[in-house]
Undergrad: 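The structure follows.
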Amino acid sequence: MIYNFKEIEEKWQMKWLKEQAYRAQADDTRKKYYLLEMFPYPSGKIHMGHVRNYAIGDVAARFKRLQGYNVMHPMGFDAFGQPAENAAIKNKTKPDTWTHKCIKDMGTELKRMGFSYDWEREVITCDSDYYKWNQWIFLKMFEKSLAYKKASAVNWCSSCQTTLANEEVADGSCWRCHTKVEQKDLEQWYLKITAYKEKLLEDLGQLQEWPQRVLAMQNNWLGKSSGVDIYFGLKDSDKVISVFTTRVDTIFGATYIVLAAEHPLVKDLIKGKPQEKEALKFIDKVAKESKIVRTASDVKKEGVFTGSFAINPVNNEEVPIWIADYVLMEYGTGAIMAVPTHDQRDFLFAKEHKLPMRVVIQPKEQQLKVENLIQAYEGDGVQVNSQEFDGLSNLEAKEKIAAWMEKKGIGKIQTHWRLRDWLISRQRYWGTPIPIIYCSKCGIVPVPYKDLPVELPSEAPFTGEGGSPLGKVKEFVEVKCPKCFGLARRETDTMATFFDSSWYFLRFCSPKFEAAAFDIQEAKYWMRVDQYIGGIEHAILHLLYSRFFTKFFQDLGMIDFSEPFERLLTQGMVLKDGEVMSKSKGNTVDPDSMIKNYGADALRLFILFAAPPETELEWDERGLEGAFKFLNRVWRIHENLKTKAEDIIIKNLHKTIKKVSEDFSAFKFNTAIASLMELTNTIYQHGADKDVFSKLVIMLSPIAPHFAEELWQILGNQESIFKASWPKYDAQLLIEENVELVIQVNGKVRSKIEVPLDISESSLKELVLKDEKLIPWLGNKPPKKFIVVPQKLVNIVI
RNA sequence: GCCGAAGUGGUGGAAUGGCAUACACGUCGGUCUCAAAAACCGAUAAGGGCAACCUUGUAAGGGUUCAACUCCCUUCUUCGGCACCA
């Protein structure tokens, strides 16, 4: 007999919705648990990645409820963004219409999976009652000079026809459409995330429950590097070139310096020099090279001499100044001191252009000589040719030289970062309008708070062909200046959508609150997010921005913590035949058809059983079939319940309760399910009574909620199974009187014996030595050593 | 180059110093059936042996330990992040 999953799942889904079974209310008398999964972009259809992400979250939410926590488990939609615009163009509809239809369709699919969301808290970022607060946050940042406008070379995607943040560029290409990113000079809005760089780095230390790899990625992204800025004077002028180095110990070996082609002093340095023409040609060439070509590591290092000289401030030596393509304006000061003997890039460049070298660090095991060098020596050693620092270890010298230079005023201990401010202007329609007005008299004027929201006009002529579509909406653009009431124009760019998702977890605490972005009291109860679950692809972008916003809200005094997510779980991808499921590869499996064939419960069970949450999961429909068979196997138990279960079953049950409780707490769902399967197998051998079966059903309920709810009702319960409490195990029952000991000889298993739990070591020894199976191994020599691990094993060494 | 994660049967995976391969998939065999499906029961790392058993085995090599998938060192491979980063 097969249980009727279709009927059962529909029935309970309707009931849960009608009764608002998963409504969460703040309650100071109860311990809260805020469980959050990354909300989806409303594409219209859920995919297996969503199913996995949300199945993991739902099990945790339901488990915590059964344990008595007051659980908030909200869901919403990250609804602004380019795909809606593209789809609207394609389907000749409006992004708003298209998006809301997708939200509806996707909501239906999520409901069909039986996820226990509090739908009353649904947040949709493209609705003005949400994005109004994006604008409010932007204005607050503007007030604190954390939002500012700047002209600069920016990343430009010609296919998306918009600018991109540094975080949105991967391998020199647009993260969304993989088009090669170009550089363009534009005036754009930035958020000053760099104001929080130290705190963003330091607070990573708080995040004990985050995966190592995410912490490592954030650390890399922030890219702090400590060193010294050294001031090189010019030979023929009083200008100064500042270079940055992390190897100040090699300063006495600096035989030339190199500037990036874009360095502001370059034009001055070459002016009137015989090399001027050649240098200008080179600068022009570098400017045309794309960043990808320039940063490819196998490219030959090219450069030209400026004709000018600088003075090395530690020894007053004259050193030539070069321009080269391997020095980047974006990093450090855009200028380096070159130490060819101890830096491989400088070495290659010096060889190529026949520049001088000097060894200043001698390794212990060999004697370096400039004429014999075939590569730079980048390791540690002892200082030589370094005046009073000779003889010191270079590590010691590094600190001493830095301090000495600071004292003499020729250098400064300095830190450089990789992190850049966040460019948020997008030349697209479907996003939050930036609440700024440009007045020819008053300049940049923020929209007054009382005028929020700046509504996104419902009609705009977007064609996908570039230029901000809002710029063509006259009624939107033309506005009175809030200060002088003269004619002014609105900003026509919209905000990057990562702005929207940088604080939605706070909005969930009070999604309908009208007086502020969130209700401080509600946030005080619900925040921080106890468990956050989502894909590794957000390891940098979304998680970094959210951490930044949280720190900003803390500075505004609206919250009293600086990190939003206490625990983070990044779930692995779903693969098919070893490859990531994706539309472009055409190897996707539609969750909907799986629900039709096997039910949502079986799908949830399979996806949780097939692999631990963090690792990749290989899709296997036969495995799904197996999960379905298991549910049927459990289902049939209720038809044959005994009045009293045997002791062995009771013991097994309590062992299982212990194991499943521990595994659920640690998000080890695959092994939890394995123990439930083992218990089921034992029940097939020995039978179960109503109590044992009820407990099995409760333990299964977070994974297969409809299935469990139905069985719970069949067992005669009136209330929902999710009002029941998680079973507790009786430690007494887990204590065995006898225990099987493994007997090893020289570490190899040779026998097993059953002994009383509290056997003394001497009587155990006596017993073991009498074991006939051991005779061939022990011979008649006395054992050298006799190791006893209580209740586990004995190892005899001969 | 730097940083991070991983490598275990035919397959997904389990075991974090103490019986390697739990649980499941697949395969094979059996029960039931006119038959099939379903269901139920059993076998299933490799090699050797009629068998009881024995040997080998967790990417490779070495080490620590009575005992190593697990800890340490070296190397290889795969995946991910950063990178002419000074």
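Residue numbers start from 1 in every chain, and the chains themselves are labelled A, B, ... in the order their sequence lines are given, proteins ahead of strands. Source: prediction; values computed, not measured.
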Undergrad: Any side-chain N or O of A:R345 less than 4.0 Å from the OP1 or OP2 oxygen of B:A83?
TA: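 Looking at the OP1 and OP2 atoms of B:A83, neither is under 4.0 Å from any side-chain N or O of A:R345.
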Undergrad: Starting from P on B:G13, measure out to CZ on A:F669 and report it in whole angstrom.
TA: 17 Å
Undergrad: Whole-Å distance between B:C79 P and A:Q212 CD?
TA: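 My rounded result for the distance is 22 Å.
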Undergrad: Could you tell me how far B:C72 sits from B:U64 if I compare only their C1' atoms? Round to whole Å.
TA: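 Between the two C1' atoms, the distance is 7 Å.
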Undergrad: Donor-acceptor pair under 3.5 Å: do we get one between A:K784's side chain and the base of B:C66?
TA: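 There is none.
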Undergrad: Starting the side chain at C-beta, find the nucleotide from B:G81, B:C84, B:G18 nearest to A:M217.
TA: B:G81
Undergrad: With distance as the sole criterion, is a donor-acceptor pair present between the side chains of A:W175 and A:E167 under 3.5 Å?
TA: no
Undergrad: Just wondering, are more than 12 heavy atoms of other shown residues or ligands nearer than 6.0 Å to NZ in A:K655?
TA: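 Result for NZ/A:K655: open.
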Undergrad: Whole Å only: how far is the CG atom of A:L204 from the P atom of B:G4?
TA: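 Nearest whole value for this atom pair: 14 Å.
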Undergrad: Which whole number of Å gives the distance between the C1' atom of B:G9 and that of B:A5?
TA: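 Result for the C1' pair: 24 Å, nearest Å.
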Undergrad: If only side-chain N and O atoms of A:K792 are considered, is one of them under 4.0 Å from the OP1 or OP2 phosphate oxygen of B:G18?
TA: no
Undergrad: Does A:R622 make a side-chain N or O approach to OP1 or OP2 of B:A24 shorter than 4.0 Å?
TA: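 Checking A:R622 against B:A24: no side-chain N or O falls below 4.0 Å of OP1 or OP2.
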Undergrad: Answer yes if the side chains of A:N166 and A:R418 hold a donor-acceptor pair under 3.5 Å, and no otherwise.
TA: no
Undergrad: Does a side-chain N or O of A:R750 approach OP1 or OP2 of B:C19 to a distance below 4.0 Å, or not?
TA: no
Undergrad: Does a side-chain N or O from A:K748 land closer than 4.0 Å to OP1 or OP2 of B:A68, or not?
TA: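 Looking at the OP1 and OP2 atoms of B:A68, neither is under 4.0 Å from any side-chain N or O of A:K748.
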Undergrad: Heavy atoms from C-beta onward define the side chain here; which of B:G18, B:A86, B:A20 lies closest to that of A:T245?
TA: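 Taking heavy atoms from C-beta onward, the closest nucleotide is B:A86.
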Undergrad: Under 6.0 Å between the ring centres of A:F609 and A:F669?
TA: no
Undergrad: Using atom C1' in both nucleotides, what's the gap between B:U75 and B:C41 to the nearest angstrom?
TA: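 The same atom, C1', in both gives a distance of 49 Å.
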Undergrad: Measure the distance from CG on A:L222 to C1' on B:G81 and round it to the nearest whole Å.
TA: 13 Å
Undergrad: Distance check needed: B:G13 P versus A:E678 CD, whole Å only.
TA: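 It works out to 19 Å between those atoms.
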Undergrad: Quickly work out the A:K785 NZ to B:U65 P distance and round it to whole Å.
TA: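 Atom NZ in A:K785 sits about 10 Å away from atom P in B:U65.
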Undergrad: I'd like to know if the side chain of A:Y684 pairs up with that of A:N640 as donor and acceptor (distance under 3.5 Å, no hydrogens or angles considered).
TA: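 There is no such pair between these side chains.
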Undergrad: When only distance counts, do a donor and an acceptor, one from the side chain of A:N795 and one from the base of B:C66, lie under 3.5 Å apart?
TA: yes
Undergrad: When you compare B:C25 with B:C32, how far apart are their P atoms, in angstrom units rounded to a whole number?
TA: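 So the two P atoms sit 24 Å from each other.
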Undergrad: Output the rounded distance in Å from CD (A:Q344) to P (B:A86).
TA: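 It is 15 Å, rounded to the nearest whole Å.
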Undergrad: Using the P atom as the reference point in each nucleotide, state the distance between B:U21 and B:A68 in Å, no decimals.
TA: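 Result for the P pair: 16 Å, nearest Å.
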Undergrad: For B:A14, take OP1 and OP2 only and decide whether either is under 4.0 Å from a side-chain N or O of A:N670.
TA: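 Yes, A:N670 has a side-chain N/O under 4.0 Å of OP1/OP2 on B:A14.
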Undergrad: With a 4.0 Å cutoff (strictly under), does any side-chain N or O of A:N681 reach OP1 or OP2 of B:A24?
TA: yes
Undergrad: Looking at A:R213, I'd like to know whether one of its side-chain N or O atoms comes within less than 4.0 Å of OP1 or OP2 on B:C79.
TA: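 For A:R213, the contact criterion (side-chain N or O under 4.0 Å from OP1 or OP2 of B:C79) is not met.
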Undergrad: Would A:F5 and A:Y598 count as a close aromatic pair, with their ring centres under 6.0 Å?
TA: no
Undergrad: Can you tell if the side chain of A:I321 reaches within under 4.5 Å of the side chain of A:I241, non-hydrogen atoms only?
TA: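 Heavy-atom side-chain distance check passes, below 4.5 Å.
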Undergrad: Which value, in whole Å, describes the distance between the P atoms of nucleotides B:C76 and B:G61?
TA: 15 Å
Undergrad: Of the listed nucleotides (B:A86, B:C19, B:C82), which one gets closest to any side-chain atom of A:R418?
TA: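 Nucleotide nearest to A:R418's side chain: B:C82.
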Undergrad: Expressed in angstrom and rounded to an integer, what is the separation of A:L793 atom CG from B:U65 atom P?
TA: 18 Å
Undergrad: Can you tell me, in whole Å, how much space there is between the C1' of B:U78 and that of B:A67?
TA: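 The same atom, C1', in both gives a distance of 31 Å.
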Undergrad: Distance between the P atoms of B:G17 and B:U11, in whole angstroms?
TA: 28 Å
